[in-house]
Amino acid sequence: MVTQATGRRGRAVKWALGISLALNLLILGAVGGALLRSAGVGPDMRPARGGPLLHGYGAPYMRALPAEARQAVRADVPGLPSRRERRAHFGEMLDALRADQFDPTTVSVLFERQRETALLVQSVLQDRWLTVVSEMSDAERADLADRLEEMMNRNSDRMPAPLR
């Protein structure tokens, strides 16, 4: 059981944990959004009023892959919590935020768990992507590069320009 911090130090820890939670949610959301976008799910991702859209770095790489390769990369990702588990995690966060005595340590632990999950999923997906691409022929990799470049040029307002 976590003891509750008091005084200035306790408030600072609470704020730090709250900020950590927000960052973890952003990371988890980015990974989930990239997975959904690569699967063709979700709203049109055009930025409102011409502002920049923050894409995860992995999304363009996944979208450029042929459909069967995307499926191979995304198949049975270990460490990815089920929808039920994610709901439970958010429920724990809601409970922590609504507690009579806010405990930043509890929130920090929840953020750390989310961060570890997001990093694990990202690492697994990157490794799988590299494996799939490594098994491609030179012509298939050239096609992949062409699709990626085409996507980046077509969506230049939403993606960074290719490095050349």
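Only a predicted model underlies this, so the values are computations on that prediction, with no experimental measurement involved.
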All N/O donor-acceptor pairs, side-chain side in residues 120-127, below 3.5 Å, sequence neighbours left out:
none

Mind listing the closest non-hydrogen atom pair of [X] and [Y] along with its distance?
| X | Y | answer |
| --- | --- | --- |
| V132 | A69 | CG1-CB, 3.7 Å |
| P60 | L148 | O-CD1, 3.6 Å |
| L65 | R70 | O-NH1, 2.6 Å |

I'd like to check [X] versus [Y] (side-chain heavy atoms, cut-off strictly below 4.5 Å). Are they in contact?
| X | Y | value |
| --- | --- | --- |
| V109 | E112 | no |
| V77 | R128 | yes |
| V133 | Y61 | no |
| P66 | M136 | yes |

Establish whether L119 and V73 are linked, either directly or via other cluster members, by ILVMFWY side-chain heavy-atom contacts under 4.5 Å. no
Among all residues two or more places apart in sequence or in another chain, which pass the side chain to side chain donor-acceptor pair (under 3.5 Å) test with R113? E92
Which residues pass the salt bridge (Lys or Arg N to Asp or Glu O under 4.0 Å) test with D76, not counting sequence neighbours?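 Checked D76 against salt bridge (Lys or Arg N to Asp or Glu O under 4.0 Å); zero matches.
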Please indicate whether R141 has more than 12 foreign heavy atoms, meaning atoms of other residues, nucleotides or ligands, lying under 6.0 Å from its CZ.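 Yes, CZ of R141 has more than 12 neighbouring heavy atoms, counting only those of other groups under 6.0 Å.
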